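Accompanying notes for the structure given below.
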Amino acid sequence: MAVAPHALTREVVSARIQGRRADVGGTVFKYVLLSALLVTIAVLVILLYSQVDRGSEVLTGRLGDFITSKYSSLPTRSGIIQGINGTLTIAAFVIFIAVPLGVGAAVYLEEYAQKTRLTRFIDVNIRNLAGVPSVVYGILGLAIFARALRNVTGGASVMAAGITLAVLVLPIVIITSAEAIRAVPDSIREAGFGVGATRWEVTRSHVLPYALPGILTGTVLSVARALGEAAPLIVVGAKTGFFTGGDFGDLRDNFQALPSQIYQFSRLPESSWGGNTAAAIVVLLAIVLAVNSAAILLRNRFEKKR
Amino acid sequence: MAVAPHALTREVVSARIQGRRADVGGTVFKYVLLSALLVTIAVLVILLYSQVDRGSEVLTGRLGDFITSKYSSLPTRSGIIQGINGTLTIAAFVIFIAVPLGVGAAVYLEEYAQKTRLTRFIDVNIRNLAGVPSVVYGILGLAIFARALRNVTGGASVMAAGITLAVLVLPIVIITSAEAIRAVPDSIREAGFGVGATRWEVTRSHVLPYALPGILTGTVLSVARALGEAAPLIVVGAKTGFFTGGDFGDLRDNFQALPSQIYQFSRLPESSWGGNTAAAIVVLLAIVLAVNSAAILLRNRFEKKR
Amino acid sequence: GDDNDDAGGGGGGGGGNGDLSGTVAVSGSSTVEPISSAAAEAFAEENEGVDISVEGPGTGDGFEAFCAGETDISDASRPIDEEEVAACEKAGIEFIELKVGFDGIAVLTSPDNPLECLSFADLYALIGPESQGFEQWTDAQELATELGADTEFPDLPLELTGPGEESGTYDSFIEIALADIAEKRVEEGKIKEDQAETTRPDYNSSPNDNTIISNIEGSEGSLGWVGFSFAEAAGDSVKAVAVSEEPGGECVEASAETISDGSYPLSRSLYIYVNKAKAEENKALSAFVDFYLEGLTEFVEGGGYVALPEDQVSETTSAWEDKTVGTRES
Amino acid sequence: MAPDPDTAVETRRTEPAVDLAPQAGGHRGAPRPSKAVVFETEALNVYYGAFKAVRDVSLRVHEHEITAFIGPSGCGKTTMLRCFNRMNDLIETARVEGTLSYHGVDLYDPGVNPVEVRRRVGMVFQKPNPFPKSIYENVAYGPKVARLAKGGTAMDEIVERSLRQAALWDEVKDRLKASAMGLSGGQQQRLCIARCLAVDPEVILMDEPCSALDPIATGRIEDLMDEIKQQYTIIIVTHNMQQAARVSDRTAFFTAEVNETSDTRTGILVEYDATETMFSNPGDERTENYVTGRFG
Amino acid sequence: MAPDPDTAVETRRTEPAVDLAPQAGGHRGAPRPSKAVVFETEALNVYYGAFKAVRDVSLRVHEHEITAFIGPSGCGKTTMLRCFNRMNDLIETARVEGTLSYHGVDLYDPGVNPVEVRRRVGMVFQKPNPFPKSIYENVAYGPKVARLAKGGTAMDEIVERSLRQAALWDEVKDRLKASAMGLSGGQQQRLCIARCLAVDPEVILMDEPCSALDPIATGRIEDLMDEIKQQYTIIIVTHNMQQAARVSDRTAFFTAEVNETSDTRTGILVEYDATETMFSNPGDERTENYVTGRFG
Ligand SMILES: Nc1ncnc2c1ncn2[C@@H]1O[C@H](COP(=O)(O)OP(=O)(O)OP(=O)(O)O)[C@@H](O)[C@H]1O
Ligand SMILES: Nc1ncnc2c1ncn2[C@@H]1O[C@H](COP(=O)(O)OP(=O)(O)OP(=O)(O)O)[C@@H](O)[C@H]1O
Ligand SMILES: [Mg+2]
Ligand SMILES: [Mg+2]
């Protein structure tokens, strides 16, 4: 070719293949990336440490009480059982409404729907829905689920809140699931169709299992988001003060949830309530952690199977 | 084989290949999926319609004024320029801090880091961080960016808020980017390494372009989330009343952002402020829409190139 | 009355009526919320069948819901105003106004600030509508002097933080400290009519008292106001300034005594408003109010506020027993 | 135009195009007992978007025979093959014109269920594409969806038989539960053959099934084809002339024709006849050049 | 043990394993002028996790020669090939033991930069894997990262030359900007060959480069190999005995040996010698059976 014949002696070759082409971009990049990671980790550590520290008195002194008591205006007697119940109920709504609906819509869009102008329009709209501020969902939830449908939901109840948050995370579930489904190689679909499977069989047996880790990631992001939203709950009508009730299973009753409870605690005098605020944050983090761990276990189980 | 020899006449074949195997699951499923989609679309329509309707007076009567005036305690004079400035600035912080850091960290984790126990631990933690309630990030932002670093940020400034929200969405950017990068087929990497490219070159030329649509999706979700968060801004110290300043570029100054302004409007008497609330929501939705459209255009450009 | 005849009802100790059922919704001032909460908690312990909730979004928000018929009791850290009365009337809601205690408004600054005492005129010069744009304490000196004050302001940047418009504390502060001077200034033509009931617009407002306190403790030239109980809870991290009504008048520090005997000028009364029609048809509601008033002193003091003197307690009790409709304040 | 009805071009063609000449030579070669026609295409055109990939193909595929498709790379063999079980439906831009009948039934009739077609017309793809699942599951999936066996020993038997037929059993019998993605290229290809056999189809379409196989495995697959053609109909795409000559009964030679105007290449059927004829005495010069390796 | 230093097994082997016997036969065959040794492996073992895929391979690859690797599917040919340019580094479970030197330099020395190795030892993969970009970009990418040309006409020339060498130019010259994913299987394979040639490497590793190619394209690629071996060193994996016989100078025959205890299969080098010898007069019965097609 254009290049002169190589005189390949041991020395020449050794020099050549041991040389490192100036990969400055690569090296700089690598350290930039690493520091990005470290910053992120540092945030977690600071966050956890500061909260555990501030809440240590409550967490070590009266954790059982704190978790099982209702809210009281006395900081030393106040607990968060109502918030825990509400948060778990809301999570259940999200998991049982938003996840199936969202994954279903994503499957429909990616596997069934023709790629027409209409589906593109729908796709754009779903992306826009994901960007609607959560307060707006709160306003919507108040108008529709807490007021217009009060006969069903019982007013500003945990059911209204759960449905509102399910609607809030629905677009996120759809988008992340659709992304995961789109990443499934076509050759796998062809293999399935090739042995005479229906579209539904191909979807169920091959597309969904392959996309599952990605779908789980999106789902967990959504559930976690729902667990952490305070503003729409407050707008929908989470009780921010003392109330009786809020028991687990009271779907059509007054409710409280951990994030709004934390928000409320954070407005009470810091000196006496700071410990409760921090302890409630730690409990919420523990719940999020549990949800995540469950999802990661599931994810690993399915990734191994790939 | 085990099956008797086929007697394939025209009639037999015709009956066979025209028959539809009872695909009840598939059909039911299809309609479930379709209704999931319709519900989602319905929500958007209701949302938009109700807000545009409620805000129509402001939107048609004094839109220019509304967009260019500062907040005033008189509903008919109040505008949202400070909120718009704050929101745009915060979006800039997220785009210029969280996106590069997040994509960088994802690339590092997926392409560079060895899969050790440590990286798995980091991965789990990032997933947990994504589940930390936004209020908690607000508390963290108040403590670190608004107080400890007040010499840099100027206290409860838009800079403090922007950094707080950048930190808030960082884990989401990392997770969705990592998911997109993981979906890049190994054969593409092998092809790149095979012609003597460095890891950085393979990442830049092949992995990132291939993963770009997915990364963009995640990024847009994150920016949209940041545009819509109210609770952490209020905790960090968004001004919920009148204030001078809040001009574009005043990074170390008092600030307001659209979501917290909407939250504030929504707490003022409905009869006189309802129109402003709805109009502000419509403006925020328009901004989200613009961001999304830009991202979708980008996405399509890069998908075509695949 | 709080009859205690049915001993079989529930295992709750004391004199509750275990058979009561129904709902009671309380909302309104976040200042009064701890008092109502304490009452509600004690009541709920004895009456498991009653669904009771107490919230504190703010006095104004509370009246809005109350006059829309959404709540049974509205907590207030100021008397109901004319607009709100009109709204209630329009909705056909009659209410019983019950005074339950006193709260002071503490004027706070940083412990590093040399200032010891401020008069209403000083406060008007620093916070009133005419102070818009003042960035240094000394910027207000001229106006304060014009109003007859002789306080010497420190040469520090002025950083103001206080509650927002939705808060009863904001309204009370204007009402008590600024309104009289502002009225005069309107007459003198120095400010416009619609500015009379406002503060300067350019200050840091927050609905979160902790944020206010932390802003105040953060800088030397800070100034702000919060409810007395919050100031007390904040301890030594901030300094409560003594207040005098007239320039050169007696400087009084906020304390339980000075607030209850009325010598601390920035003190206000706390109220609950009960929906009369609902109280008549809802046994649980009337029982709750009975219970509330019976333990009133305990609840008020437990919340960190100043209890009513004997004579006013009986005034309140008789207003409830007579179901006196309408407001006697304002 | 074409006296031998089994191999020649349809006489009903709509356009008497110039490129039909070579096919007219198809009536030489040893006459065979006429077998039932499985596929019959008539003036078949296949497009990818605006690009015409295959033009005017008319041919008949016979029952219990092996039909080989040969021709240079890019001439549309894969494209043709994918028409026979409607796999082209899955490519959004692909479009088929003309008629294609299966046992006399129009395959592209709206009433036809492509799923049922594919169930009966199996396919081995050019690039091995095992499911990212275990070896066992790869083979068992087809029979499961076709309800041929519920599982248990019946399924085990199908899996073993199929893997044996595909000459893979010995190599994988001890790791049936291992992932198919860890197999070598040739092993994956045989797995895909086994997967196709497992559903017991009527027709098997094989797109270069032996391209990644060593001579031993290739020989086994060829033996298999010979054995099962008693019951099945087979169409095989191959680049290996010896293989086409060895195993097939009829051979279709495609080539790509450069379009003068647009400078794109469209696949056409040059000649279709009994394999013996095609290799010993082809009617078209291009066929002769191709099969004898006189390249150009 | 192995008098012919060019083809025989290394005498420094650490373990005198029983399975070495066949390789001892490597010293027959016509002696050739001894060319420089490019690769030398010594007791090379390759593992995937705990699974030993290749055992104790010792051989020498010579400059300006074509070395063919033949053997049944799954015997470790691809695995071996991927050791020569350290592509195995990219498989997390893969691990290499023993030594492998390139022009006397230990390839697995920590000081060696695998990027530089791959730049000089190019590879054509078994499954065609074009970048999901345009045809032009596929070919131009290697020269770009190797800074052989900045773009413009210099790059255009490299692209054209490479595509011509890979016998693809005529088919794609009018759609260089079209996506490589729309090419047929054989076109993709030739594109990957062109991509590899474009960086002007010292050694080219080809894993079944003609498996999806028709005889015409195959002939062109074989001509190409013959032409460029004056400047390059080529290792080719092939299942086509004729091809191995036609093009290669030396042939290595691998097979998979069933391990008695674990019932897994490990690849071993049975025999390595001049191609003439291997096909006319092999030293090992297994080789003879394989190359003559006496299967089993
Ligand atoms: N990534 C991998 N992980 C685990 N095992 C593997 C992997 N790649 C190959 N193997 C196994 O290693 C052995 C050798 O595989 P290799 O791909 O080298 O075979 P080959 O000789 O190239 O076969 P073929 O001719 O079929 O391509 C096979 O048993 C295969 O299953
Ligand atoms: N999905 C597709 N989109 C666009 N063009 C395509 C597509 N698939 C194939 N083509 C084009 O159609 C023509 C025929 O392709 P086809 O795959 O049928 O060829 P082939 O005969 O199978 O070739 P090979 O022997 O190389 O596999 C080629 O020019 C190819 O580039
Ligand atoms: Mg093909
Ligand atoms: Mg291989």
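Numbers restart at 1 for each chain; the letters A, B, ... are given by sequence-line order, proteins then strands. Not measured: the values here are computed from a predicted model. Quick note: numbers below take in every heavy atom, side chains included, and nothing from hydrogens, waters or symmetry partners.
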Restricting to non-hydrogen atoms, name the atom on E:Ser73 and the atom on D:Arg190 that form the minimum distance, rounded to 0.1 Å.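 Of all heavy-atom pairs spanning E:Ser73 and D:Arg190, the closest is OG-NH2, 2.8 Å.
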For D:Asp214 versus E:Gly71, what's the shortest heavy-atom pair and its separation?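 In terms of heavy atoms, the two residues are closest at CB-O, 3.8 Å.
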Original post:
Hey, does D:Arg265 have a side-chain heavy atom less than 4.5 Å from the side chain of E:Val172?
Top reply: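 No, every pair of side-chain atoms sits at 4.5 Å or beyond.
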Would you say the side chain of D:His239 lies within less than 4.5 Å of the side chain of E:Asn240, judging by non-hydrogen atoms?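 No, every pair of side-chain atoms sits at 4.5 Å or beyond.
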Less than 4.5 Å to any heavy atom of chain E: does that hold for the side chain of [X], its backbone, both, or neither?
X: D:Asp207; value: neither
X: D:Gln187; value: both
X: D:Gln242; value: side chain
X: D:Gln188; value: side chain

Can you tell me which portion of E:Ala212 sits under 4.5 Å from chain D's heavy atoms? Options are side chain, backbone, both or neither.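 Contact with chain D: backbone and side chain both.
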Self-check item: Selection from E:Glu171, E:Arg175, E:Met241, E:Gln126 maximising heavy-atom pairs under 4.5 Å formed with chain D
Solution: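 Heavy-atom pairs under 4.5 Å are most numerous for E:Glu171.
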Between chain D and each of E:Ala53, E:Ser184, E:Gly76, count heavy-atom pairs under 4.5 Å; write down the option with the most.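 Maximum pair count with chain D is reached by E:Ser184.
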Practice task
Name all residues meeting the side chain to side chain contact (heavy atoms under 4.5 Å, CB included) criterion together with E:Glu285; count only those two or more places apart in sequence or in a different chain, and write none if there are none.
Solution key: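 E:Glu285 satisfies side chain to side chain contact (heavy atoms under 4.5 Å, CB included) with E:Asn289 only.
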| task | List in chain and number order the residues that pass side chain to side chain contact (heavy atoms under 4.5 Å, CB included) with E:Asp226, two or more places apart in sequence or in another chain; answer none if no residue qualifies. | result |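 Once residues adjacent in sequence are excluded, the partners of E:Asp226 under the side chain to side chain contact (heavy atoms under 4.5 Å, CB included) criterion are E:Lys229.
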Sidechain-backbone polar pair: D:Lys127 side chain, E:Gly185 backbone, donor-acceptor under 3.5 Å
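Side chain of D:Lys127 to backbone of E:Gly185, a donor-acceptor pair under 3.5 Å: no, none is there.
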